[in-house]
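This report concerns only the one structure given below.
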Amino acid sequence: MTTNQGVPVADNQHSLKAGLRGPALLKDFILREKLTHFDHERIPERIVHARGSAAHGYFECYGPQTELTSAAPFREAGKITPVFVRFSTVAGERGSKDTARDVRGFAVKFYTDEGNWDLVGNNMPVFFIQDAMKFPDLVHAVKPEPHHQMPQAASAHDTFWDFVSLMPESTHMLMWLMSDRAIPRSYRMMEGFGVHTFRFVNARHESLFAKFHWKPLQGTHALVWDEAVKISGCDPDFHRRDLWEAIESGAFPEWELGVQVFTEAEAEQFSFDVLDPTKLIPEELVPVTPLGRMVLNRNPDNFFAETEQVAFCTAHVIPGIDFSNDPLLAGRIHSYVDTQLTRLGGPNFHEIPINAPIAPVHNNQRDGLHRQAIHRGRVSYEPNSLGGGCPFQAGAAGYVSFPEPVQQDEVRGKPEKFAEHYNQAAMFYNSQSPVEKAHIAAAFRFELSKLTVPAIRRRVVSMLRNVSDDLAAQVAEGLGMPMPDPMPRALSEAPKPEVDKSAPLSMFARPGVTGPASRKVAIFVGDGVDGNLVAKAGDALSKVGAVGRLVGPRVGLFTAKDGSQIEADASFENEPSVLFDGVIIPDGEGTAKAWTRDGRAAEFVKDQFRHLKTILAIGDSVTFVEGAGILRDEADPGLLLLSEPKADAFSLFIKALARHRHFERETDPPRV
């Protein structure tokens, strides 16, 4: 293996650092060449995170945090900082589907009084690799295979699993990727994480380590896999549409920003290394301190000018925020800025309106492609006397990096704690509910069944044996293969983890506080339907902020039982079941018989049942639902089959809808 200049590469696994836990070095020409080539491989869309959606909003600080940090957004209670947030998938191209099983990007640009700060994170708190040297390899592996460019926006293929099965440090992230976190119900219903360990620095230049968390007010909710697959066919823009419509309707998404803060002395006592991006800090060890809330309240005016041209860079920090020596973060600090040079046409991408800071800009940088500013005068250097010495250095009032001492040998390698790969993967699995565990096993089974090389499957299952023999056995059985021996560990004696099970790692730990608000419900209509029930259903949903859509065999007008006209704005054909969170099927003269003759109506109800959603049928519609193969179960709170209208029918439906899904109905394989 050589560089592009033909120089032999001794170590392709580690960046050059000043000591095993020291900072990555700018003079590492091998790392820089590798990342620079990777950054410029594709234009004009992003190499990763190409498929994105975004919105404007604001961050509101709860109270002064000046003891922790001098960062502008956290200085006083009620302080408002404008933000622009972009959500994205990672592996797919710009035209790919929203509901692929994938990590989701969660990037926030704070337009602060002291410049722009980009908190560029994901909806998962850990990552696949420990060192930026491996990032091009990871992305090359997960992207479509180069000989035939398949599959698009999917990790279920040989090259991805070949790579990660040879990189046991990926095990923890694989657990997250195979969990329901990888198929969120909505961008509004997923957590966000800064992933890396950062530094808070206060005005006295005292520093604490910090890890950032975004907690959604709407709770953490996911799709089920069969639903995600079907949505990708009928509405590839599902998440983009959901975010746009929620904001347009006034159901503004909201998150709470929290931070885990801890000292270097505390970090040294952990069984894991806080500089390792494949590890998280359990909240039982370091609680999350709330800092403020973020509200998204305005959609972009132009997708290209804003969502597509926005440039997020981990290097964009402000006074009060600094970096740790995380070796993956070190590569990102270089790589994100470098990528924009090609993607946005040169070094002046900061002058594009969506990227421009609200703080004034004064420096001696000039010219370059797409320069917008028109500078006056003869001075473009510093120091100078011809321009009165301006612009002058800010000194202590400017950005001052935390003076971390560095006195170690230059090496390629990693600390010993980086060699433990399974404790936190096991912790994550042990923290899941039985439902979530079953979904993880099914996801591994599906992904690995797509592989054509049996040896790769064996390696992955051997990794899983170091996480959970029960999980490995389920996956092996689902693939019809014997259990392999566990993969050998790098450490003969792994450190004992502080936490074996962490409640916040289950999505069920955060049901949210908004209930059924913004949930989308289908109300069946047709000729002869009971118009009074249709109206009552719509009113009941509206009162709790849910959205009712009238769905019929076709769009257009229908004549209700009382002779009034009802207009369906969706049909079984153009908005199938997977686009709704529940269904109400009113009584009516002949409607149930008409729906029975329409296979699409039966399919609609079957998918609602199979995807664990709330179903309300009234009168003759009960016969239609049961005829569609739905199994009556009085213990199922999400299946409301009423022989006649009840005064509390819609309140019961809304109560059940607030649960989002009814997992007591789920079986593998499904009964319906």
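You'll find the side chain of Arg75 stays beyond 4.5 Å of the side chain of Pro64, heavy atoms only. For the pair His49/Thr89, no side-chain contact is recorded, criterion being any heavy-atom separation below 4.5 Å from C-beta on. Counting only heavy atoms from C-beta outward, the side chains of Glu498 and Phe270 approach each other to under 4.5 Å. Side-chain contact between Leu612 and Val224: present, with at least one pair of heavy atoms (C-beta onward) separated by less than 4.5 Å. Within the 4.5 Å cutoff, the side chain of Leu285 has no heavy atoms near those of the Phe262 side chain. Side-chain contact between His662 and Lys613 is absent, with no heavy atoms from C-beta onward closer than 4.5 Å. Here the side chains of Ser179 and Phe428 are in contact, with some heavy-atom distance below 4.5 Å. Considering only heavy atoms from C-beta on, His239 stays 4.5 Å or farther from Trp244 through its side chain.
Rounding to the nearest 0.5 Å gives a distance of 7.5 Å between CE of Met133 and CG of Leu35. How far CE of Met124 is from CG of Leu280: 12.5 Å, rounded to the nearest 0.5 Å. Distance check: Phe135 CZ to Asp39 CG gives 9.0 Å after rounding to the nearest 0.5 Å. Put simply, OG on Ser186 and NE2 on His221 are 10.0 Å apart, with the number rounded to the nearest 0.5 Å. The distance from atom CE of Met173 to atom CG of Leu177, rounded to the nearest 0.5 Å, is 6.0 Å. How far CZ of Arg86 is from OG of Ser53: 7.5 Å, rounded to the nearest 0.5 Å.
Taking the ring centre of Phe193 as origin, the terminal cationic atom of Lys211 falls outside the region bounded by 6.0 Å and 45° from the ring axis. For Lys109 and Phe312, the positive end sits near the middle of the six-membered ring, less than 6.0 Å away and at most 45° from its axis.
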Using the rule given for salt bridge (Lys or Arg N to Asp or Glu O under 4.0 Å), can you reason through Arg51 versus Asp237, listing the C-alpha separation, both sets of side-chain angles and the distance that settles it, and then say yes or no? CA-CA 10 Å; Arg51 172 73 183 180; Asp237 305 309; 2.5 Å; yes
Could you go through the side-chain contact (heavy atoms from CB on, under 4.5 Å) check for His316 and Trp117 one step at a time? CA-CA 5 Å; His316 293 169; Trp117 170 35; 5.9 Å; no
Thr289 and Gln260: CA distance, side-chain angles, deciding distance, side-chain contact (heavy atoms from CB on, under 4.5 Å) verdict: CA-CA 6 Å; Thr289 300; Gln260 291 175 296; over 6 Å; no
What's the verdict on side-chain contact (heavy atoms from CB on, under 4.5 Å) for Phe84 and Ile354, showing C-alpha distance, side-chain angles and the deciding distance? CA-CA 8 Å; Phe84 187 72; Ile354 193 62; 3.8 Å; yes
Take Arg199 and Glu206, measure what salt bridge (Lys or Arg N to Asp or Glu O under 4.0 Å) needs, and give me the verdict at the end. CA-CA 10 Å; Arg199 284 186 182 275; Glu206 298 166 335; over 6 Å; no
For Lys17 and Asp131, run salt bridge (Lys or Arg N to Asp or Glu O under 4.0 Å): C-alpha distance rounded to whole Å, both residues' side-chain angles, the deciding distance at 0.1 Å, then the answer. CA-CA 11 Å; Lys17 296 177 280 291; Asp131 195 301; 3.3 Å; yes
Any chance you could lay out the side-chain contact (heavy atoms from CB on, under 4.5 Å) test for Arg519 and Arg185, step after step, and finish with the verdict? CA-CA 11 Å; Arg519 292 283 172 158; Arg185 160 61 179 80; 3.7 Å; yes
Full working for salt bridge (Lys or Arg N to Asp or Glu O under 4.0 Å) between Lys215 and Glu191: CA-CA 5 Å; Lys215 306 296 184 186; Glu191 290 183 275; 2.6 Å; yes
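Classification of the Trp255-Phe87 ring pair by plane angle, with boundaries at 30° and 60°, yields tilted. Taking the six-membered ring where the residue is Trp, Phe59 and Trp214 present perpendicular rings, their angle passing 60° and hence far from 30°. The aromatic rings of Phe198 and His196 sit perpendicular to each other, their planes meeting at more than 60°, with 30° as the lower class boundary.
With sequence neighbours excluded, the residues that form a ring pair (Phe, Tyr, Trp, His ring centres under 6.0 Å) with Phe580 are Phe604.
Other residues, nucleotides and ligands contribute at most 12 non-hydrogen atoms within 6.0 Å of the NZ atom of Lys655. Within 6.0 Å of the CZ atom in Phe392, the count of heavy atoms belonging to other residues, nucleotides or ligands does not exceed 12. For Gln365, the CD atom is loosely surrounded, since the number of other residues' heavy atoms within 6.0 Å does not exceed 12. For CD of Gln393, the number of neighbouring non-hydrogen atoms (other residues, nucleotides, ligands) closer than 6.0 Å is 12 at most.
Arg104 places a side-chain N or O within donor-acceptor distance of the main-chain N or O of Asp102, the cut-off being under 3.5 Å. The backbone N or O of Asp98 sits nowhere less than 3.5 Å from a side-chain atom of Arg240 that would complete a donor-acceptor pair. The backbone N or O of Ala658 sits less than 3.5 Å from a side-chain atom of His660, completing a donor-acceptor pair.
Pairing each heavy atom of Pro327 with each of Gln130, the nearest pair is CG-O, 3.1 Å. Counting all heavy atoms, side chain and backbone alike, Phe74 lies closest to Thr69 at CD1-CG2, 3.8 Å. Minimum heavy-atom separation, Met427 to Pro282: SD-CG, 3.8 Å. Nearest heavy atom pair, residue Thr112 against residue Pro73, reads CG2-CG, 3.8 Å. Of all the heavy atoms in Ile654 and Pro516, the pair that sits closest is CG2-CG, 3.9 Å. Nearest approach of Asn364 to Pro391, heavy atoms of both residues: OD1-CD, 3.6 Å.
A salt bridge does not link Glu284 with Lys501: none of the charged nitrogens is closer than 4.0 Å to a carboxylate oxygen. For the pair Glu308 and Arg94, the salt-bridge criterion is met [side-chain N within less than 4.0 Å of a carboxylate O]. We find that Asp581 and Lys520 are not joined by a salt bridge, their nearest charged nitrogen and carboxylate oxygen being 4.0 Å or further apart. With respect to the salt-bridge test (charged N to carboxylate O, under 4.0 angstrom), the residues Glu416 and Arg21 do not qualify. Note on Arg181 versus Glu436: no salt bridge recorded, every NZ/NE/NH1/NH2 to OD/OE distance being 4.0 Å or above. Ionic pairing of Lys279 and Glu420 is not present here: no N-O contact between side-chain nitrogen and carboxylate oxygen is shorter than 4.0 angstrom.
Asn355 and His350 are not linked by any side-chain donor-acceptor pair at a separation below 3.5 angstrom, with hydrogens and angles left out of the test. Inspection of the Thr220 and Arg510 side chains reveals no N or O donor paired with an N or O acceptor under 3.5 Å. Side-chain N/O atoms of Tyr58 and Arg293 include a donor and acceptor closer than 3.5 Å. Thr278 and Asp276 share a side-chain donor-acceptor pair at under 3.5 Å. Side-chain contact check for Arg204 and Ser70: no donor-acceptor pair (N or O, by modelled atom type) lies under 3.5 Å. Using modelled atom types and a 3.5 Å distance limit, the side chains of Glu114 and Tyr399 yield no donor-acceptor pair.
Taking the six-membered ring for Trp and the full ring otherwise, the centers of Phe212 and Phe106 sit at least 6.0 Å from each other.
Evaluated for a side-chain contact (heavy atoms from CB on, under 4.5 Å) with Leu275, the options Asn325, Leu328, Leu20 yield exactly one hit, Asn325.
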